[in-house]
Amino acid sequence: MKKVTCTAPVNIAVILLGGKRNEELILPINSSLSVTLHQDQLKTTTSIATSRDITEDRIWLNGKEDDINHPRLQSCLREIRRLARKRRSSGSEDGASRNLNYKVHICSVNNFPTAAGLASSAAGYACLVYTLAELYGVEGELSEIARQGSGSACRSMYGGFVQWLMGEREDGKDSLAQQVEAETHWPELRVLILVASAEKKHVGSTAGMQTSVKTSPLLKMRAESVVPGRMEEMIESIRKKDFESFGQLTMKDSNQFHATCLDTFPPIFYLNQVSQQIINLVHRYNAHYGQTKVAYSFDAGPNAVLFLLEPTVNEFVEVVKHSFPPAPNGDPFIKGLPVSPAPLSQELTTAIEGDACPGGVRYVIITQTGPGPAQSQDPTLDLLGADGLPRSSA
Ligand code: DP6
């Protein structure tokens with residue numbers, strides 16, 4: 001039996017994808033740009049086994065068997081196997097693609113709640129495609145295949161700062177992810193995820209975007225007239241590590257994305273009251289300092305992703321605790337990278353005063369930029385047993 005285990009990261013868009021021009025190939029109406037988060041805090045782990053004794057393709061997600069016939073899953077399997085066959089027929093086989101006629105068992109787990117608006121499908125499909133490629137010994141451009149699982153998954157194929165070029169071709173061959181800067185480029189950048197709700201999303205982003213493409217004139221205007229210039233400005237601000245510009249663009253892009261959701265007919269509401277309170281809090285905090293010290297982004301759900309530089313983290317975590325006092329349920333409120341207590345000045349407390357909303361934020365994950373997918377050498381991460389079936393802990 002051949003078995004491979006890999007891990008892949010979550011990415012957070014700072015220039016957001018607004019919709020698709022081709023649903024089947026998953027081709028976007030605009031380019032987008034994201035920050036890859038560190039796998040120490042958020043990751044998907046996938047193990048795939050293949051052998052003569054495995055007679056049908058099967059998949060288990062977060063402990064439950066799932067439908068292997070899902071069209072997007074089938075696209076990824078088909079495309080990787082096609083590349084592996086091509087490699088074999090070109091004679092560059094090193095033995096890894098020999099087992100192509102065998103079926104696979106796929107087992108995948110997230111170390112964070114699925115479908116809570118934390119881009120789990122991006123990490124999931126990136127991990128699936130990367131692990132399949134390792135299993136079959138396929139190299140080369142894999143983001144095009146990950147894109148066919150979930151659009152944003154193509155951006156999780158790289159670490160650091162990543163752009164997904166929309167491309168122009170009908171066949172999608174030029175709709176690819178590219179690294180803009182590596183994860184080591186901006187070491188002071190930190191990311192706080194304020195989990196406002198662990199409920200499942202009400203409107204999935206796939207269905208929501210389809211309605212937006214059909215009905216929102218603002219979405220079309222944004223894709224044609226706003227995003228191209230913003231992509232350039234965003235790349236420039238990342239290259240220069242200019243937080244003021246990076247933060248402003250991030251917030252404006254998130255706000256415009258949600259404006260297109262409201263412009264969709266019938267409208268889509270991803271932000272809830274807690275999301276709006278977080279937006280106000282960030283603006284009050286920045287106004288107090290007269291500069292952009294914290295920036296927010298929201299995608300298809302109410303959770304806030306905040307960007308800030310390392311020296312701001314301790315104080316802003318206190319600000320969050322002050323405005324959203326943790327529910328006294330004994331669960332850890334702060335997860336991820338360590339923080340130290342920081343006293344809030346009277347002036348700051350007055351400046352950020354709004355309605356305190358106890359329990360509005362369930363918990364905060366503190367993380368940073370991180371690397372792309374990688375094969376695991378740690379046998380304890382292997383999710384499949386010697387029989388090719390999920391271990392009881394998977
Ligand atoms: C709002 O990549 O989730 O998060 O291909 O339908 O799975 P599917 O779409 P998906 O769209 C992401 C939309 C977004 C913005 C973004 O991440 O760019």
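For clarity, every value in this text was computed on a predicted model and none was experimentally measured. When reading the values below, keep in mind they use all heavy atoms of this one structure, side chains included, and skip hydrogens, waters and symmetry mates. Order of appearance sets the numbers: ligands from 1, and atoms from 1 within every ligand.
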Quiz prompt | Parallel, tilted or perpendicular: ring planes of F316 versus Y285, cut at 30 and 60 degrees | solution = perpendicular
Quiz item: Going by distance only, is there an N or O of S32 that falls short of 3.5 Å from an N or O of ligand 1?
Solution: no
Exercise. Mark yes or no for whether T264, through its side chain, and P267, through its backbone, hold a donor-acceptor pair below 3.5 Å.
Key: no
Exercise. Could you tell me whether R169 and D171 make a salt bridge, using a distance below 4.0 angstrom between a side-chain N and a carboxylate O?
Key: yes
Quiz item: Purely on distance, is any nitrogen or oxygen of G151 under 3.5 Å from one on ligand 1?
Solution: yes
Quiz item: Is it true that D331 and R362 have a side-chain N and a carboxylate O under 4.0 angstrom from each other?
Solution: no
Quiz item: Is any NZ, NE, NH1 or NH2 atom of the basic residue among R239 and E236 found under 4.0 Å from an Asp or Glu carboxylate oxygen of the other?
Solution: no
Quiz prompt | ligand 1 atoms in contact with T206 (distance to a heavy atom under 4.0 Å) | solution = 6 (O), 7 (O), 8 (P)
Quiz prompt | Contact check, R72 vs ligand 1, heavy-atom distance below 4.0 Å | solution = yes
Practice problem: Report, in ascending order of atom number, the atoms of ligand 1 lying under 4.0 Å from any heavy atom of L16. | Solution: 15 (C), 18 (O)
Quiz item: Should L389 and L381 be regarded as members of a common hydrophobic cluster, given that ILVMFWY residues are connected when their side-chain heavy atoms come within less than 4.5 Å of each other, either directly or indirectly?
Solution: no
Practice problem: For ligand 1, note which part of R155 has a heavy atom under 4.0 Å away: side chain, backbone, both or neither. | Solution: side chain
Quiz item: Is M209 close to ligand 1, meaning an N/O of one under 3.5 Å from an N/O of the other?
Solution: no
Exercise. Could you give me the CA-CA distance, side-chain angles and deciding distance for N110 and T44, then say whether side-chain hydrogen bond (donor to acceptor under 3.5 Å, both in side chains) is met?
Key: CA-CA 4 Å; N110 296 330; T44 296; 2.7 Å; yes
Quiz item: Between R222 and D253, is there a salt bridge with N-O shorter than 4.0 Å?
Solution: yes
Quiz item: Which atoms from ligand 1 have a heavy atom of D299 less than 4.0 Å away?
Solution: 1 (C), 4 (O)
Quiz prompt | A13: numbered ligand 1 atoms lying under 4.0 Å from its heavy atoms | solution = 16 (C), 17 (O), 18 (O)
Quiz prompt | Per-atom contacts of ligand 1 with S150, taking only distances under 4.0 Å to non-hydrogen atoms | solution = 2 (O), 3 (O), 5 (O), 7 (O), 8 (P), 10 (P)
Quiz item: Which atoms of ligand 1 sit under 4.0 Å from any heavy atom of F257?
Solution: 1 (C)
Quiz item: Which one holds for Q148 and ligand 1: side chain close, backbone close, both close, or neither close, with close meaning a heavy atom under 4.0 Å?
Solution: neither
